[in-house]
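Since the structure comes first, as structure tokens, the remarks are kept for the end.
Atoms within each ligand, like the ligands themselves, are counted from 1 in listed order. Values below: all heavy atoms of this structure, side chains included; hydrogens, waters and symmetry mates excluded.
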Amino acid sequence: MGGIIKTADWQEMTTALEASPLGPLLNNIVRSHRPLQKAGSVPANIPFLAEVPFDKFGIAVATTSGQVYRSGDADVPFSIQSISKVFTLAMALQGDPAGRLWSRVLREPSGTAFNSLVQLEVEHGVPRNPFINAGALVVTDHLMEGTPDAAKQLLRFLTAEAGSSGPFINEEAASSELLGSNRNLALAHFLKDFGNLKQTAQSVVQNYVRQCSIMMTCVELAQAGLFLAREGRGRLGRILSPSDAKRIGSIMLTCGMYDAAGEFAYRVGLPGKSGVGGGILVIVPGVCSICVWSPRLDAKGNSLAGTAALADLSDRTGWSVF
Ligand code: GLN
């Protein structure tokens, strides 16, 4: 019964979306939220990100009925960073019907920074969730068992789902990030020491950093994430079961913004995943997938203006899972 009511609600929201002037609303969001001055920060260990102009701001909405709306710098490629973790998790679940991955990584919010070492030591090398760095390293190791170049596999997945040949691995940015990856290497060595990494620490971190260095636009990311709003149905066919798509959405809601997941759920009310490149991917189940990008970050590593814009958009459209 509950399910029937929910479906009707989503249908109503989709219909309302088609009738609503979403284009002008997105233009208005860009005008209101594009930063006028350099607030926030960029990560110190990724030199490439410091060079991105602070006033870049883009937003794109891809709907389940096939429309794409965009505004601002929605067609400018940026570094997807940890947004990659949503897609590597989807790929890992795809090839793992028995759920072997879940004996190696949990599904609990961490309440700590995305690259924290402390919890991993205390909890004997089992990361709290797949969206903190330690968890993503385990997912990468799991993928590398089947395909040694998991980053290339991810690129193929993203290219197919975005319906664009635009995405590419910025190998130069990856090499420079690798030089500043002491923390990720430390996490990988911890995992290895606890028996939770099969490949070498160095090879897993190298592959993980290349995944993070994939360049995509807001439009491409919104399109690539659409299968999560469509109960696991991708552009070219089913990617995940409806249950697994629901589960990824749940982990995005509880863990996608690290130790700001509660605050983001309070302000936006939607499952989201951020990256330190300033992008945030958000899912409105049954309705659309949204990607916003603004490079400057808050203290937790999430886009400052991007979060504010999504809170505004959710308030003005009524899009929320609550
Ligand atoms: N490549 C970044 C890192 O590992 C990704 C972190 C992020 O986007 N939150 O530190």
Side-chain angles (χ1 to χ4, degrees), residues 40-52 77-89 105 109-117 119-120 127-141 150-151 154-155 158 169-191 197 201-216 218 221 225 251-252 254-261 263-264 272-282 291-304 306-307:
S41 60
V42 287
N45 65 325
I46 310 179
F48 165 78
L49 296 178
E51 291 159 21
V52 183
F78 64 92
S79 184
I80 69 171
Q81 293 295 322
S82 285
I83 300 176
S84 59
K85 293 172 178 148
V86 174
F87 298 98
T88 46
L89 177 61
V105 55
S110 69
T112 57
F114 61 82
N115 54 7
S116 168
L117 287 155
Q119 203 168 44
L120 191 63
R128 276 287 177 102
N129 66 66
F131 292 161
I132 51 173
N133 289 11
L137 292 170
V138 169
V139 172
T140 298
D141 187 57
L154 170 65
L155 182 65
L158 291 169
I169 302 176
N170 187 337
E171 300 282 2
E172 211 179 303
S175 309
S176 86
E177 180 176 341
L178 194 58
L179 295 175
S181 284
N182 299 316
R183 238 166 209 283
N184 285 329
L185 278 164
L187 288 167
H189 282 293
F190 260 151
L191 290 165
L197 212 63
Q202 179 72 31
S203 67
V204 173
V205 171
Q206 187 167 5
N207 197 279
Y208 160 82
V209 164
R210 289 174 62 234
Q211 296 161 19
C212 292
S213 300
I214 290 178
M215 301 290 291
M216 288 175 79
C218 289
L221 265 171
I251 304 174
M252 289 171 80
T254 52
C255 312
M257 314 296 287
Y258 316 113
D259 45 341
E263 183 64 16
F264 188 82
K273 181 74 208 80
S274 63
V276 292
I280 305 177
L281 175 68
V282 160
C291 181
V292 65
W293 170 52
S294 175
R296 306 291 293 188
L297 310 177
D298 64 18
K300 308 281 170 79
N302 301 316
S303 173
L304 256 179
T307 305

Do Ser79 and Phe48 pass the side-chain contact (heavy atoms from CB on, under 4.5 Å) test, and can you show the C-alpha distance, the side-chain angles, and the key distance before you say yes or no? CA-CA 9 Å; Ser79 184; Phe48 165 78; 3.9 Å; yes
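For the side chain to side chain contact (heavy atoms under 4.5 Å, CB included) with Leu297, the qualifying choice from Thr307, Leu304, Val276 is Val276, the only one to do so. Checking each of Asn133, Thr88, Asn184 against Tyr208 for a side-chain hydrogen bond (donor to acceptor under 3.5 Å, both in side chains) leaves exactly one that passes, namely Asn133.
For Arg183, no heavy-atom contact with ligand 1 is shorter than 4.0 Å. With a 4.0 Å cut-off on non-hydrogen atoms, Ser82 touches ligand 1 through its backbone as well as its side chain.
Side-chain atoms of Lys273 come within 3.5 Å of backbone N or O of Gly256 as a donor-acceptor pair. One N or O on the side chain of Gln119 and one on the backbone of Ser110 form a donor-acceptor pair closer than 3.5 Å. At least one donor-acceptor pair under 3.5 Å links the side chain of Arg296 to the backbone N or O of Gly40. The backbone N or O of Trp293 sits nowhere less than 3.5 Å from a side-chain atom of Ser303 that would complete a donor-acceptor pair. Distance alone, capped at 3.5 Å, places no donor-acceptor pair between the Arg210 side chain and the Ala151 backbone. Remark: the backbone N or O of Met257 is paired with a side-chain donor or acceptor of Asn302 at under 3.5 angstrom.
Any N or O atom pair closer than 3.5 Å counts here, and Asn45 shares no such pair with ligand 1. Taking any N or O of Tyr208, backbone or side chain, at least one lies under 3.5 Å from an N or O belonging to ligand 1. For ligand 1, the polar-atom distance check against Lys85 finds no nitrogen or oxygen pair separated by under 3.5 Å. Remark: ligand 1 and Val276 share an N or O pair separated by less than 3.5 Å (distance only, no angle test).
Of all atoms in ligand 1, listed by their number and element, those nearer than 4.0 Å to a heavy atom of Tyr258 are 7 (C), 9 (N). Heavy-atom contacts of Cys212 reach the following atoms of ligand 1: 1 (N) (cutoff under 4.0 Å). Per-residue contacts place Phe114 under 4.0 angstrom from the following atoms of ligand 1 (heavy atoms of the residue considered): 6 (C), 9 (N), 10 (O). Every atom of ligand 1 is numbered from 1 in the order shown, and the set under 4.0 Å from a heavy atom of Asn184 is 3 (C), 4 (O), 10 (O). Those atoms of ligand 1 that come under 4.0 Å of a heavy atom in Gly275, given as number and element, are 8 (O). Every atom of ligand 1 with a heavy atom of Glu177 under 4.0 Å away is listed here by number and element: 1 (N), 2 (C), 3 (C), 4 (O).
The closest protein non-hydrogen atom to atom 2 (C) of ligand 1 is Gln81 OE1, 3.1 Å.
Here Lys300 contributes atom NZ and Phe264 contributes atom CZ; the two are 13.5 Å apart, rounded to the nearest 0.5 Å.
Proximity annotation for atom 10 (O) of ligand 1: of Asn133, Asn115, Ile80, Asn133 comes nearest, heavy atoms only.
Heavy atoms of Gly301 come nearer than 4.0 angstrom to ligand 1 in no pair at all.
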